[in-house]
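Convention: sequence-line order gives letters A, B, ...; per-chain numbering from 1. Everything quoted here is computed from the prediction, not taken from an experiment.
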Amino acid sequence: MRDVKERDVRYEKLERLEKDRDIDVFGHRLDKVVPIAEIRKLEDGTEVEAVGRLHAKRAHGKLTFGDIRDWSGRIQIALEKPVLGSEAYNLFRKYADIGDTIWVKGELFHTQRGELTIAVKEWKWMTKSLRPLPEKWHGLRDVELRSRHRYLDLIMNPDSMKTFMLRSQIITAIRKFLYDRGFIEVETPVLQPIYGGASARPFITHHNALDIDLYLRIAPELYLKRLIVGGFPKVFEMGKNFRNEGIDSMHNPEFSMMELYQAYADYTDIMNLVEDLFVYLVETLEIPQPIKWLGKEVYVKKPFPRIPYKEAFAHFTDGKITWDMIDTEEKAKKVFEDLGLEMKKPPVWINYVQEIFDSIVQPKIVNPTFIIDYPLEISPLAKKKKDDPNFVERFELFVAGVELANAFSELQDPRDQLERFKKQVEARRQGDDEAMAEIDEDYIIALEYGLPPTGGLGVGIDRLVMFLTGKDSIRDVILFPLLRPKKISDADLGESEEE
RNA sequence: GAGCCGUUAGCUCAGUCGGUAGAGCACCGGCCUUUUAAGCCGGGUGUCGCAGGUUCGAGCCCUGCACGGCUCACCA
């Protein structure tokens, strides 16, 4: 046999179709496109037009069955030689390959086995597929190929298509929820001369005309709060943040974030809003509960528990670790060491406490839970509690041990903010390369003009989508996650020979 | 960044003790009017991730590299 590669076979078919039969396999526009799922609802006898990718072909001499699929579903087609005539029939038999996208016109009927089928009277190509599809039964399994060639994943794995459709619906629903509550959607700079609003290493780029370095934002926070200073009552932004850090099943260097700010609100208002939002999403998107995520069964049900940071230790350790056991550096260090933990950060009180929280408290949380009132040290943009200035009006929402949201009553006092910025810059000088490099003086000036009391929120969209779709890897909910580029060889493009 | 694991046909995978490359699907040729992972007959299409090394002989053993996965570290 001469044809060694399927791709070559298909290119030869393409040439024969074009040269010998003058057929244009790269089709043209259609007046109407009905999703296959909609066609499936119609009665037998209805004449329908359908388009889809051919996923299977079962030929029986003068009768050939096929399966076509689109994003919404699959349907069987049947082509009979006497109906189509030998020209159109043989064209399908010999030249329509699995992977081709075709248009068919015909009547709906049920086969002897009861399968809804289109009895095709007419068909044509929408486009030719020149490469063989992955195997029909197992689909495309290889995790790397699924991310690298997402189109193949979407073609082969209906579950993947469903996940990304749901992602889009989640984002639409979040917008609707916020619009309905009077939030105004805004866009703030992705390219920032000074980065802030979070602690992370940034990507650096350069603007040629101005000859300045710029940073890709690690958060939109400081710009959004300037808008509250300017008089916007409620704003939100949904978009990409960029953090120049490691990649794992919870982190992608570019990720989607929704931040919102509401004037004259505080973190308790935001907590109520988050609770409402989660319930709204689960209800409107009809997500069945419990949601199985990261090996846990999660129920989204109001009210979400609200546990102060200080009390969380006792709460999740059955009283074995209490706040008064860790409220000084010396005591916290002892508990830390008794737990067999190893300190990789500067050995100060807050780091011992945070490490204990991360390893003992956080993993125990299953259902949506607000941890509230964080230590001041780890919250440089949050407002202090009136009755306890060592803590701030802040909460984080955890689900299945994962942080999904972070919010606080915003710090309004420019003097306090400047001091905290200075501490950040000092930490930076001490070697913390995730602390702020530079004080955002304009932001301090904005605070001097006056930030009204404001509640702010950030929600990690990718993680939220992971949760609502039950996916354990962020790569399953980002269409094109960052991968190290792989060279495509000439052979892969079929140009190794004399072509 | 560290440890472990993986990389064999387009895809999903097998490959024993180191003896010269396998299956299913897909594909090619043929038969077939109710199949649906259609079936039957015939056909194997390969840079065994890459580069070295050991060996009479390497998919298999050794070294380095590349890409990926998991765990850890990092990520308030």
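When rounded to the nearest whole Å, the span between CH2 of Trp137(A) and P of A26(B) equals 12 Å. Spacing between atom CD1 of Ile118(A) and atom C1' of U34(B) amounts to 16 Å, rounded to whole angstrom units. Whole-Å rounding puts the Glu135(A) CD to C25(B) C1' distance at 4 Å. Atom CZ in Phe65(A) sits about 8 Å away from atom C1' in U33(B), given to the nearest Å. In this structure, CG of Leu130(A) is placed 14 Å from P of C27(B), rounded to the nearest angstrom.
Across all strands, Leu145(A) comes closer than 4.0 Å only to sugar-phosphate atoms, never to a base (heavy-atom distances). Note on Glu144(A): only backbone sugar-phosphate atoms sit closer than 4.0 angstrom, heavy atoms only; bases stay farther off. Glu245(A) comes within contact range of the sugar-phosphate backbone alone, with a heavy-atom separation under 4.0 Å but no base atom that close. Using a 4.0 Å heavy-atom distance criterion, Gln354(A) is classed as a sugar-phosphate-only contact. If you check every strand for non-hydrogen atoms under 4.0 Å, Arg243(A) touches nothing. Contacts of Asn406(A) with the nucleic acid, taken as non-hydrogen atoms under 4.0 Å apart, are absent. As judged by a 4.0 angstrom heavy-atom cut-off over every strand, Gly139(A) is placed among residues touching the sugar-phosphate backbone only.
Heavy-atom nearest nucleotides on RNA chain B were determined for Leu140(A) and for Lys13(A), and the one closer to the 5' end corresponds to Leu140(A).
Relative to the side chain of Asp142(A), the nucleotides C27(B), U12(B), A76(B) differ in distance, and U12(B) lies closest. Comparing U36(B), U35(B), G68(B) against the side chain of Arg74(A) picks out U36(B) as the nearest. Of the candidate nucleotides A66(B), U12(B), U33(B), U12(B) has the atom nearest to the side chain of His138(A). Listed nucleotides: U36(B), C28(B), A76(B). Nearest to the side chain of Glu115(A): U36(B).
Of the possible donor and acceptor atoms, one in the side chain of Ser409(A) sits under 3.5 Å from a partner among the backbone N and O of Tyr267(A).
Comparing G22(B) with U45(B), their C1' atoms sit 13 Å apart, to the nearest whole Å. Between C67(B) and C50(B), the two C1' atoms lie 11 Å apart (nearest whole Å). Across G57(B) and G53(B), the matching P atoms stand 12 Å from one another, rounded to whole Å.
Pairing of U20(B), defined by two Watson-Crick or G-U wobble distances under 3.5 Å, is not identified with any nucleotide. For G52(B), the paired base is C62(B) (Watson-Crick or G-U wobble, both distances below 3.5 Å). Under the Watson-Crick and G-U wobble criteria, each requiring two contacts below 3.5 Å, nucleotide U33(B) is left unpaired.
Put simply, the side chain of Asp462(A) reaches to within 4.5 Å of the side chain of Ser256(A), judged on heavy atoms. Using a 4.5 Å heavy-atom cutoff, the side chains of Thr369(A) and His315(A) are not in contact. Annotation: side chain of Lys105(A) is not in contact with side chain of Lys121(A) (no heavy-atom distance under 4.5 Å).
Checking Lys385(A), Lys384(A), Arg394(A) one by one against Asp373(A), the salt bridge (charged side-chain N to carboxylate O under 4.0 Å, His left out) holds for a single residue, Lys385(A).
For Arg475(A) and G69(B), the shortest distance from a side-chain N or O to OP1 or OP2 is below 4.0 Å. A sub-4.0 Å separation between OP1 or OP2 of U36(B) and a side-chain N or O of Arg58(A) is absent. Contact between the side-chain N/O atoms of Arg113(A) and the OP1/OP2 oxygens of U34(B) is not found at any separation under 4.0 Å. Contact check, Arg141(A) against U7(B): no side-chain N or O comes under 4.0 Å of OP1 or OP2.
Residues passing the ring pair (Phe, Tyr, Trp, His ring centres under 6.0 Å) test with Tyr215(A) are Tyr195(A), sequence neighbours excluded.
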Per-pair distances, 0.1 Å, donor-acceptor, side chain in residues 332-340 of chain A, under 3.5 Å, sequence neighbours excluded:
| from | atom 1 | to | atom 2 | distance (Å) |
| --- | --- | --- | --- | --- |
| Lys334(A) | NZ | Asp338(A) | OD2 | 2.8 |

Assess whether salt bridge (Lys or Arg N to Asp or Glu O under 4.0 Å) is satisfied between Lys423(A) and Glu377(A), documenting all intermediate values. CA-CA 10 Å; Lys423(A) 274 188 190 154; Glu377(A) 284 84 347; over 6 Å; no
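Contact check of residues 78-102 of chain A against RNA chain B (heavy atom, cut-off under 4.0 Å) returns Glu80(A), Pro82(A), Arg93(A), Lys94(A), Ile98(A).
In this pair, Phe357(A) and Phe398(A) present their aromatic rings tilted. The plane angle is within the 30 to 60° band.
Between the base of U35(B) and the side chain of Gln76(A) there is a donor-acceptor pair shorter than 3.5 Å.
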